[in-house]
Trainee: 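Got a structure for you, questions after.
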Amino acid sequence: MAKAVDKASAEGHNVDAALKAIGLTNQRETTLVWSKSTGRPLYNAIVWMDVRTTSICRRLEKEIPGGRTHFVATCGLPISTYFSAMKLIWLMENVDAVREGIKKKDALFGTIDSWLIWNLTGGVKGGLHVTDVSNASRTMLMNLKTLNWDKPTLETLKIPAEILPKIISNSEVIGKITKGWPLVDIPIAGCLGDQHAAMVGQACKKGEAKSTYGTGAFILRNTGEEVVQSTHGLLTTLAFKLGPKAPANYALEGSIAIAGAAVQWLRDSLEIIKSASEIEELASQVDSTGGVYFVPAFNGLFAPWWRDDARGVCIGITGFTSKAHIARAVLESMCFQVMDVLDSMHKDAKGSDKGEFLLRVDGGATVNNLLMQIQADLLGSPVVRPADIETTALGAAYAAGLAVGVWTEEEIFASGEKSKTDTTFRPLLNEELRKKKVGCWFKAVERTFDLADLSI
């Protein structure tokens with residue numbers, strides 16, 4: 001916070017006089033239980049891509065009628081290591097301090113938004129225990145229709161309601177920042193999970209989709225005020241609710257666990273590159289992968305496959321394969337995974353696609369022009385990159401400004417038209433070759449299944 005203020009001041013903004021509100025955005029699903037009386041976490045946070053809950057997921061699938069999809073009708077999500085409820089059950093079953101805290105009514109559960117807001121608004125001295133609808137929709141515990149915690153789900157999973165935060169909208173004055181933090185008395189007025197913030201930052205209206213390329217990649221398509229259940233392996237999630245009385249917009253989401261993280265792996269584990277930005281130059285040294293396909297199923301595959309028994313593979317290697325081919329195959333793997341998700345989205349949309357489909361993109365990896373061109377080629381559709389790719393922060397700012405009257409919802413969604421400075425990448429690959437490459441990719445994906453027991 002202090003650094004953001006310093007940066008804004010250095011750019012000539014009078015922050016003290018002009019700052020009206022703060023918006024907050026976070027990585028979703030990461031789960032924390034802390035003590036109301038001491039303010040200390042009762043155990044390390046369990047991060048969204050952590051798979052320690054695999055055995056809990058398997059057990060529940062066997063015990064609960066309907067198995068993996070039992071909760072889909074209420075919360076839109078399958079039973080998976082990805083979601084907060086499974087992480088919370090793990091903490092309740094494995095950590096004495098968490099069990100004790102719950103028994104003494106001293107434990108609070110939250111995703112990272114809840115933890116930050118509780119601390120910023122007073123902590124042990126009356127901190128507010130809240131979460132927003134978008135973060136709540138990723139716990140498995142919120143009913144998508146009522147936007148409240150779902151009692152039957154809590155009973156089935158034996159999760160006590162009193163440890164859960166209150167659910168609020170994405171855009172409302174939540175509370176003021178208290179002493180001991182930068183920006184005392186400024187209201188926190190916007191809160192969204194990162195992917196939902198990016199949707200608002202990209203001004204995604206009904207029928208429009210965005211893909212954020214970070215550690216993972218997350219593709220969301222706004223389905224308007226309608227809850228659309230996927231029959232092709234996607235998640236139904238809340239897109240955003242921009243005010244306590246505003247209607248909720250819903251989305252179909254495809255989550256990819258490993259996107260930019262595969263580039264980090266090339267840099268840190270294989271040391272093929274020294275910095276992530278070098279991959280574009282290295283991959284550009286060859287004009288194809290030379291028949292190499294890489295599937296980064298490092299800890300299973302998320303959408304649309306949902307295989308936690310998958311592990312990474314690199315196939316088609318010959319004596320001719322160089323590190324440039326592997327680098328290019330890593331970039332292609334990010335784009336193929338996004339393509340898989342968008343294919344599922346088009347199937348679920350059942351012909352509601354009107355006109356030319358284009359994908360809005362954002363996130364750190366989108367500075368890579370080669371990656372964007374490969375993405376357009378493999379989709380066979382244009383890819384549009386905004387001049388400012390930090391749309392997640394922008395979405396949080398939009399939500400906060402909306403709550404305190406800095407701008408209106410109409411102005412935010414009109415910002416999608418201000419696209420003079422966008423860069424559009426159009427597909428250059430012929431359709432026959434595209435289909436052939438897609439067929440090879442599917443072959444590679446199938447090779448990843450049922451490999452989890454290799455690590456003996």
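Just so you know, residue 1 is the first one in the sequence shown, and it goes up from there. No hydrogens, no waters, no symmetry mates; every other heavy atom, side chains included, goes into these values.
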Trainee: How close do Leu282 and Ala327 get, counting heavy atoms only, and between which atoms?
Mentor: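 Closest approach of Leu282 to Ala327, heavy atoms only: CD2-CB, 3.7 Å.
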Trainee: Does anything in residues 109-154 pair up under ring pair (Phe, Tyr, Trp, His ring centres under 6.0 Å), and if so which pairs, sequence neighbours excluded?
Mentor: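 Checked against ring pair (Phe, Tyr, Trp, His ring centres under 6.0 Å) - neighbours excluded - the pairs reaching residues 109-154 are Trp34-Trp115, Trp34-Trp118, Trp34-His129.
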Trainee: Backbone N or O of Ala393 within a donor-acceptor pair of the Thr25 side chain at under 3.5 Å?
Mentor: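 It does not hold such a pair.
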Trainee: Quick check: does any side chain N or O of Ser333 sit under 3.5 Å from a backbone N or O of Val295, one acting as donor and the other as acceptor?
Mentor: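 The answer is no, because no donor-acceptor pair under 3.5 Å joins these two groups.
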Trainee: Considering non-hydrogen atoms only, spot the tightest contact between Gly122 and Thr178 and give its length.
Mentor: N-OG1, 3.2 Å
Trainee: Please evaluate residues Asn148 and Asn143 with respect to the criterion side-chain hydrogen bond (donor to acceptor under 3.5 Å, both in side chains), reporting the C-alpha separation (whole Å), side-chain torsions for both, the decisive distance (0.1 Å), and the verdict.
Mentor: CA-CA 6 Å; Asn148 288 317; Asn143 183 306; over 6 Å; no
Trainee: Run the salt-bridge test on Glu208 and Arg360 with the 4.0 Å N-O cut-off and return the result as yes or no.
Mentor: yes
Trainee: Is the ring pair Phe442/Trp305 parallel, tilted or perpendicular, if the boundaries are 30 and 60 degrees?
Mentor: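 Judged by the thresholds at 30° and 60°, the geometry between Phe442 and Trp305 is perpendicular.
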Trainee: Apply side-chain hydrogen bond (donor to acceptor under 3.5 Å, both in side chains) to the pair Asp194 and Thr392, showing each step before the final yes or no.
Mentor: CA-CA 6 Å; Asp194 49 6; Thr392 306; over 6 Å; no
Trainee: I'd like to check the side-chain contact (heavy atoms from CB on, under 4.5 Å) partners of Ser284; sequence neighbours left out, ordered by chain and number.
Mentor: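 Partners of Ser284 under the side-chain contact (heavy atoms from CB on, under 4.5 Å) test: Glu280, Leu370.
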Trainee: Any sub-3.5 Å donor-acceptor pair from Glu411's side-chain atoms to Thr408's backbone N or O?
Mentor: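 Yes, the answer is positive, given that a donor and an acceptor are paired below the 3.5 Å cut-off.
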Trainee: So does Asn14 have more than 12 non-hydrogen atoms from other groups sitting under 6.0 Å from CG?
Mentor: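 Yes, because the 6.0 Å sphere around CG of Asn14 holds more than 12 heavy atoms from other groups.
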Trainee: What pairs of residues pass the salt bridge (charged side-chain N to carboxylate O under 4.0 Å, His left out) test when at least one of them lies in residues 139-151, not counting sequence neighbours?
Mentor: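 Those involving residues 139-151 do not exist here.
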Trainee: May I have the step-by-step check of side-chain contact (heavy atoms from CB on, under 4.5 Å) for Val228 and Thr236, ending in yes or no?
Mentor: CA-CA 6 Å; Val228 176; Thr236 305; 5.6 Å; no
Trainee: Only one of Asp308, Asp50, Ile258 passes side chain to side chain contact (heavy atoms under 4.5 Å, CB included) with Asn299; say which it is.
Mentor: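 The option that passes is Ile258.
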Trainee: For Leu378 and Cys335, work out which heavy atoms get closest and say how close.
Mentor: CD1-CB, 3.7 Å
Trainee: Tell me which donor-acceptor pairs under 3.5 Å the side chains of residues 247-254 have, and how far apart each pair is, sequence neighbours excluded?
Mentor:
from   : atom 1 : to     : atom 2 : distance (Å)
Asn249 : OD1    : Asn222 : ND2    : 3.1
Tyr250 : OH     : Leu144 : O      : 2.6
Glu253 : OE1    : Arg28  : NH1    : 3.0
Glu253 : OE1    : Arg138 : NH1    : 3.0
Glu253 : OE2    : Arg28  : NH2    : 2.7
Glu253 : OE2    : Arg138 : NH2    : 3.3
Glu253 : OE2    : Ser255 : OG     : 3.0

Trainee: Filter on salt bridge (charged side-chain N to carboxylate O under 4.0 Å, His left out), then keep only pairs touching residues 167-186, sequence neighbours left out; what's left?
Mentor: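 The answer is none; no pair qualifies.
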Trainee: Parallel, tilted or perpendicular: which describes the rings of Phe413 and Phe240, with under 30° parallel and over 60° perpendicular?
Mentor: tilted
Trainee: Heavy atoms, side chains only, cut-off 4.5 Å: are Met372 and Val361 in contact?
Mentor: yes
Trainee: Could you note down all residue pairs passing salt bridge (charged side-chain N to carboxylate O under 4.0 Å, His left out) where residues 224-243 supplies at least one of them, sequence neighbours left out?
Mentor: none
Trainee: Kindly state each residue pair satisfying ring pair (Phe, Tyr, Trp, His ring centres under 6.0 Å) with at least one member in residues 189-219, sequence neighbours excluded.
Mentor: Trp48-Phe218
Trainee: Any side-chain heavy atom of Leu342 sitting closer than 4.5 Å to one from Leu379?
Mentor: yes
Trainee: Donor-acceptor check, side chain of Asn170 to backbone of Cys191, threshold 3.5 angstrom: yes or no?
Mentor: yes
Trainee: Please check if the side chain of Lys210 supplies one atom and the backbone of Leu220 the other of a donor-acceptor pair under 3.5 Å.
Mentor: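 No: the side chain of Lys210 does not pair with the backbone of Leu220.
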Trainee: Indicate yes or no: at least one non-hydrogen side-chain atom of Val33 is less than 4.5 angstrom from one of Tyr43.
Mentor: no
Trainee: Flag the pair Asp348 / Leu234 as yes when at least one side-chain heavy-atom distance between them is below 4.5 Å, and no otherwise.
Mentor: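 When only atoms from C-beta onward are counted, Leu234 and Asp348 do touch, with a gap below 4.5 Å.
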Trainee: Applying side-chain hydrogen bond (donor to acceptor under 3.5 Å, both in side chains), which residue pairs with at least one partner in residues 69-81 are found, sequence neighbours left out?
Mentor: none
Trainee: Are Thr231 and Lys347 side-chain neighbours, meaning at least one heavy-atom pair lies under 4.5 Å?
Mentor: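 Thr231 vs Lys347: side chains apart.
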Trainee: Are Tyr293 and Trp441 near enough that their ring centres are under 6.0 Å apart?
Mentor: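 Judged by ring-centre distance (under 6.0 Å), Tyr293 and Trp441 do not meet the cut-off.
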Trainee: Would you say the side chains of Ser171 and Ser169 form a donor-acceptor pair under 3.5 Å?
Mentor: no
Trainee: Is the shortest side-chain heavy-atom distance between Ile46 and Leu91 below 4.5 Å?
Mentor: yes
Trainee: Would you mind listing every salt bridge (charged side-chain N to carboxylate O under 4.0 Å, His left out) that reaches into residues 377-396, with sequence neighbours excluded?
Mentor: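 For residues 377-396: none.
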Trainee: Tell me, do Ile168 and Thr131 make a side-chain contact under 4.5 Å, heavy atoms counted?
Mentor: no
Trainee: Holding to salt bridge (charged side-chain N to carboxylate O under 4.0 Å, His left out), I want the full list of residues that pass it with Lys437, two or more places apart in sequence or in another chain.
Mentor: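 Residues passing salt bridge (charged side-chain N to carboxylate O under 4.0 Å, His left out) with Lys437: Glu332.
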Trainee: Between Ala239 and Ser134, which heavy-atom pair has the shortest distance, and what is it?
Mentor: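 Residues Ala239 and Ser134, closest heavy atoms: O-CB, 4.5 Å.
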Trainee: Measure the CD1-CG distance between Ile389 and Asp362 for me, rounded to the nearest 0.5 Å.
Mentor: 8.0 Å
Trainee: Tell me, do Ile89 and Leu60 make a side-chain contact under 4.5 Å, heavy atoms counted?
Mentor: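 Yes, side chains in contact.
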Trainee: To check you understand the geometry: which heavy-atom pair defines the closest contact between Ala303 and Val341, and what is its length?
Mentor: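 Looks like O-CG2, 3.9 Å.
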Trainee: Just by distance, do the side chain of Thr111 and the backbone of Asp113 share a donor-acceptor pair under 3.5 Å?
Mentor: no
Trainee: Output yes when a side-chain donor or acceptor of Thr31 lies under 3.5 Å from a complementary backbone atom of Glu29, and no otherwise.
Mentor: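 Indeed, once roles are kept as given, a pair shorter than 3.5 Å links the two residues.
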Trainee: Quick one: list whatever passes side-chain hydrogen bond (donor to acceptor under 3.5 Å, both in side chains) with Glu431, sequence neighbours left out.
Mentor: Arg434
Trainee: With a 3.5 Å distance limit and no angle check, can you tell me whether Arg221 reaches the backbone of Ala209 through a side-chain donor-acceptor pair?
Mentor: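 No; judged by distance alone, with no hydrogens or angles, the pair does not exist.
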Trainee: Testing the 3.5 Å rule here: is there a donor-acceptor pair between the side chains of Asn119 and Trp181?
Mentor: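 The answer is no; no qualifying pair exists.
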Trainee: Is a side-chain donor or acceptor of Trp407 paired with a backbone partner of Tyr398 at a separation under 3.5 angstrom?
Mentor: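 Side chain of Trp407 to backbone of Tyr398, a donor-acceptor pair under 3.5 Å: yes, one is there.
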Trainee: Specify the closest pair of heavy atoms between Ser137 and Met142, including all atoms of both residues, with the distance to one decimal.
Mentor: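 Between these two residues, the closest heavy atoms are CB-CE, 3.7 Å.
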Trainee: Once you round to the nearest 0.5 Å, how far does CD of Gln375 lie from OG of Ser211?
Mentor: 6.5 Å
Trainee: Among all residues two or more places apart in sequence or in another chain, which pass the side-chain hydrogen bond (donor to acceptor under 3.5 Å, both in side chains) test with Glu281?
Mentor: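 None.
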Trainee: Would you compute the distance between atom CE of Met1 and atom CG of Leu120 and round it to the nearest 0.5 angstrom?
Mentor: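 Rounded to the nearest 0.5 Å, the CE-CG separation comes out at 5.5 Å.
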Trainee: Dump the intermediate steps for side-chain hydrogen bond (donor to acceptor under 3.5 Å, both in side chains) on Lys7 and Ser9, then the final yes or no.
Mentor: CA-CA 5 Å; Lys7 203 169 166 188; Ser9 304; over 6 Å; no
